[in-house]
Each structure stands twice: as structure tokens, then as C-alpha cells.
Number of protein chains: 2
Amino acid sequence: MLNDIALFIHIVEQRSLAAAGKSLNLPPATVTRRLKKLEETLQCQLIHRSARNFALTAEGSSYYDAFSGLVKQIEETARHLNSEMHQVSGPLKVLAPTNISIGILQPMWSDFIKQYPEVHLNLQISNGLEDIVLSQVDIALRIGPQNDSALYQKKLGNIATILVASPGYLDRYASPDSLSELANHQIIVTDIFSKWVLTNTQLNRQEDYYPNAHLILNDIYLASQMVQDGHGIALLPITEVYKELNEGKLQRVLTDWQGPEREIFAIWPTGKLLNAKAKALRDFMSDYISTTPILQGKF
Amino acid sequence: MLNDIALFIHIVEQRSLAAAGKSLNLPPATVTRRLKKLEETLQCQLIHRSARNFALTAEGSSYYDAFSGLVKQIEETARHLNSEMHQVSGPLKVLAPTNISIGILQPMWSDFIKQYPEVHLNLQISNGLEDIVLSQVDIALRIGPQNDSALYQKKLGNIATILVASPGYLDRYASPDSLSELANHQIIVTDIFSKWVLTNTQLNRQEDYYPNAHLILNDIYLASQMVQDGHGIALLPITEVYKELNEGKLQRVLTDWQGPEREIFAIWPTGKLLNAKAKALRDFMSDYISTTPILQGKF
DNA sequence: TAACATGATTTCATTTTTGGAATTAATATC
DNA sequence: GATATTAATTCCAAAAATGAAATCATGTTA
């Protein structure tokens, strides 16, 4: 019935069934029938009409006065929201991991905002596993294997993981020459790497190493700080240590061995349907990450 | 689409497709399909749902925020107008002839307002033939034959027409004894009676008399005043002269002869569909007029 | 982990609505 | 008054929507 009321408002404003039908892309037969049905539903005649004449009844006038403003608002609101869905502007809610967002990807967010000034970015960073659906986010950046089949995803890149220690630690304990020598060292373990699946890049051999933890932490940034402070050896994503490696604050250990690659995904909860803003961000992230060698597993 | 948006608002408020369907008397199949169709039309998912879970998407939240108030207003407005159509309250626009409304029927309007204090009467009186349709009136009172087949009507009564003159006039000219003697008299003609179709009630014979006008007027009240002032004989509705006859200010002429009866009708432009207010007035007028002997042609 | 409960979705026959063509009705014009 | 014009209405076959029953999917519970 609301559809028919909206049609009635259009008819009144154009003072013609045919004209309203034309502007709404409806055939005359449909217009006349729906108006007639509305009159039957409301149990009052709304319009006196003939081939040459058009006149509202008293009731028709009441209904027009009451509904015309509301219908206009609804249609304008629909247009506005539809426009927003299909253009890169307005609010965009994003979920992303803390460490990488304030680290290597911080310029990416900055560049996105610069390129799309009409988008109002609401960036929620967290190292916890927030529920994408309940958070009502448009899109999220995730690192590591994604198991939620309800979510759509696109892979953006890889992060290598390597073993590192500080120069001071290695001065005191000498760098190990084999995995078995790690047992003689102080190991810092993070939650995401409780078991080390290590690959020898020279021999192309893989081994699972179960570290005896000297220290267990649930934050990678904190772990890299502890490693810098000389507390031991850790398996860390290269994104968290590449600067320190370049500055000599950290050194690689067992350089032939690497940990598992950590995949980077864009994921979203809305199936194939992705609004233009989120799509723009997804593509922007994809471009940025694919043109950053370290985020493609290269170093 | 507006119907589906309204359904979406109901679903969100009840956080359940099934509950919304139940309250709106729609089967689950219809609810799920219409929501799905809305999502396809809008090209965005609005709700994540399963048997046990309900969550809005970011877009769903935007659409709810934007539309919930508007949908409530539209539904409330529809209820309000529907209630008005079906109850005897609110505005009622009426068209009626001037002379009879300020004369014999004045107490009827007064009584109607007293009986229905919730009705806001807009009484437009006129002796012209106003266009019922263009005037956007709910109902009209009309006197005389009605030719407009587009209008619905109900006959309420009759008004007799008689020949009258003042005592002063009859002192000077002596009362005529036959129609042919009228030629020797001064005749006052009104527009509605340019040709006198007269019936002899004793002989049950009808004759057409073409008066030679001494004075022509387009208002019956003014005509009765001129008759009282002694300017001649006129054929007038009894409703305009019954008081003066009782007071002796006027006297009948050729008492065996009467003019044509003038029928009283209630007419309205909206076919079978008549709102409750107009229906109340129609029935009220019918009762009032049918219990007034002079308005049933009796005197 | 399997069974169960519950709500959402799909299937299929039926009903309703739609679009194009034909018809009707009401003015306008001559 | 007769005819032409124009827009509204009706008819009929096709398309879309609906409702009831069956099926599916997802949490919850034992």
C-alpha cells in the first residue's frame, strides 16, 4: 500500500495518471489499476478523472496533504542512501590489527584518506579477534588463516616470519648453528607461534619445533621489544623487525630457516555485495600491499 | 519497494523475520523473499540472519536509522486518516443553497453541529450552480432537477411553489379569477421560473403560462421582498413565503393553481464511497427534512 | 559429538499483478 | 451536432508474487 500511496502523490503532482506513469516508467494500465485498488483499500475515492479532467476529492486532498511531504522524504532518503552505497563517500567502518596498522601500514591509511577525502574513515584497531558481523564493519584487514566461511575474503599478501635476537644477546650466548642448539637458548614465545613450523630454505626441508618458553607474550610488538632488550630469541613477523634489522638493533638467527608465512586478507561480511567505499578501500589496500615487497614475502 | 522497506523496519525492531511476519500476518516464506529482494534491489546486504542469530550490517544499520522514523510517521498517518474516514469527526465541507440555508433549514445546521461537536463543518452557501467536483466538497444540498449523472444523490423532499401578492397590491388591483386575467397584472419573474408550469389542483389540469414580466430578478428572497412591497404577483417557493403568509404580509393568488414542485436532494461526488461524516450529515438532513411537512410538499 | 529445536530458506501449485493491445469515455474542435 | 482527439479503462496472456509444505542451516543441550 505505501507504494500505491507514493504513486498517488506522483499522480496528484502531475495531475495526470498517464504523466505519472511515464515519469515512473509504468504503463497506463498499471497506474489506473493501482490507483483504483488504493481507493478500494482506503474505501474512499481520491480522484475524479476522465480523459480531459482531473480533480481531487475532499478525501484525496486530505491524503495528499498528509502524505506528500512524507513520501518526498522517503524517496529523497532512498536516493541519498543509494547514492552513498554507490559512491565513495560517507562513513566507512574498518577493523584492522593494531601492530601492522600503526607500523608498516600506517602510511597506507593516511594515503587512503588523502585520496578519498569524502570518505569518513572509522578505523578500529585491535589485536583481538573481533567479530566481524557483530561489529557492523564494512570491511576488515586480517592476518593469518581465516576460517569463517560466512565471510568473503581476498588475499592481499604475505608476511615472512624469521628468528631474531639482539646483538647484545648474541654477544653473550653466540648464535646457534642448528635448530637443536636452540634448546640451549632463552626463547620468547608469542601466542600466535606456540609451535614453530620452520622451513629450511636451502634444503627445502620443514621441521616442527616445540620451543621451551623462557617468556610467553600475547603481543608481537612487546615481544620484539623484549628481544631487543636481550631477553632471548623469538620467531617474529618481518614487518615488526625489518626496521630494527636495518638499524642493527636486531640480527637474524639461523638464517637458513624461516617460519610460516602469514597471509594478509581483506574480509567482509556481506557476500558479493560490497559497497563502493569498502570496495575502494579493498582495492587500495590490495594495490598498496602488492607494491610493497616486504608484504609479498620478499626481503 | 517502500512496502519492503517498511517490512525491513519491522524485522529490525523485532530482530526476527518470523516475529515480524507474525505481527504483520505474513508467512515466513514471504518475509524472507521480500527481504532478499530488497537486498538485491539495494545491492547491499542488510541483515545477517540464521536460525539463532540476528545482526545488522553497516548498511542495514544506515538504512534503519534513516527510515525508521519516516516509516513510523507514514504508518501513523495512514492509521489516523483511516480512522478519520470511518468516524464522525474532523473537517466536513458542504455546499448548500443560500436562501433555504439561512431560512427554514438554519436550525438544521445548528442542530447538526450540536449533535456532532467533533465535526468541523465548513458550510459554503451559494445560489449559483457551483461545481461539486471542483469544489472538493464532501456533500451538497441541491434544489431542483439534477442532471449530473456523475454524482450520487438521494431525494430528501419537495417544496411546493405558489402564486402570491401583497394585500396592498390586491387592494388596488383585485385578485384575478383565472389565469388569463394575469395578463392584466404586474408580474415579477425569477430566473428559475421563466415559464410557469401550473397545475389546477381541483380540475387536475396543467397549463403552461408564459408571463409578461414587469420585473425580472435572479434572487428569490429579493423577489419575495418586491412582492411584499406591492410590485406585483410572483410564483415563489413556499419556503420563502410561508412566514409572510401566516403573518398576513402576503396572500395567495389563484389558490387552485400551483407551480411545479421543487425537489430537494443530497448529492455527492464520490460514488458509493461516502465518508462517515458526510453520511451522518446526509442521514441527519434526511430525517430533518422528512419530518418537516412543508418540506414534503404539504401545507 | 550427536540429537534436537528453532527459525530461515526453498520448492511447487495457485493466485495476483503486470504490460500491450483494444476499447471506452469525455472533452475540444469544426 | 458530428467528428476528432486524448487519456483512462478493460481484456487477456504472461510474468511475478504468494502460501503451504518440505528442506536446510545453525545454535543449544545432553
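As the structure is a prediction and not an experimental result, all values here were calculated from the model. Order of the sequence lines fixes the chain letters, A, B, ..., with proteins taken first and strands second; residue numbering starts at 1 for each chain.
- For S50(A), a side-chain nitrogen or oxygen approaches OP1 or OP2 of dT27(C) to under 4.0 Å.
- Checking T30(B) against R33(A), the closest nucleotide of DNA chain D that is more toward the 5' end is the one next to R33(A).
- For K93(A) and D138(A), the salt-bridge test fails: no basic side-chain N is under 4.0 Å from an acidic carboxylate O.
- Looking at I159(A), I143(A), N158(A) one by one, the single match for side chain to side chain contact (heavy atoms under 4.5 Å, CB included) with E263(A) turns out to be N158(A).
- Counting heavy atoms from C-beta on, the side chains of Y63(B) and S68(B) never come closer than 4.5 Å.
- Side-chain contact, H48(A) with Q136(B): no donor N or O sits under 3.5 Å from an acceptor N or O.
- One finds no side-chain N or O of K36(A) lying less than 4.0 angstrom from the OP1 or OP2 phosphate oxygen of dA8(D).
- K22(A) has its NZ atom 15 Å from the P atom of dG19(C), to the nearest Å.
- Separating the CG atom of L24(A) from the C1' atom of dT18(C) is a distance of 15 Å, rounded to the nearest angstrom.
- Rounded to whole angstrom, the span from the CG atom of L38(B) across to the P atom of dA17(D) amounts to 13 Å.
- Judged purely by distance below 3.5 Å, without hydrogens or angles, the side chains of S16(B) and Q14(B) never pair a donor atom with an acceptor atom.
- Side-chain atoms of E84(A) and S62(B) include no donor-acceptor pair closer than 3.5 Å.
- At a threshold of 4.5 Å between non-hydrogen side-chain atoms, the residues L156(B) and K154(B) count as touching.
- Between S50(A) and N53(A) the shortest side-chain heavy-atom distance falls below 4.5 Å.
- Here the C1' atom of nucleotide dT17(C) and the CG atom of L26(A) are 12 Å apart, to the nearest Å.
- In this entry the distance linking CG of L35(B) with C1' of dG7(C) reads 14 Å, nearest Å.
- Residues from residues 51-59 of chain B placing a heavy atom under 4.0 Å of any atom in DNA chain C, listed by number, are A51(B), R52(B).
- Distance R49(B) CZ to dG27(D) P: 14 Å, rounded to the nearest Å.
- One can place CD1 of I47(B) at 20 Å from P of dA25(D), the figure rounded to the nearest angstrom.
- Of all nucleotides listed (dG19(D), dC11(D), dA17(D)), dA17(D) comes nearest to the side chain of K37(B).
- For the contact set between residues 1-19 of chain B and DNA chain C, defined by any heavy atom under 4.0 Å, the members are S16(B), L17(B), A18(B).
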From CA spacing to verdict: side chain to side chain donor-acceptor pair (under 3.5 Å), H10(A), E75(A)
CA-CA 11 Å; H10(A) 281 273; E75(A) 286 178 343; 3.0 Å; yes
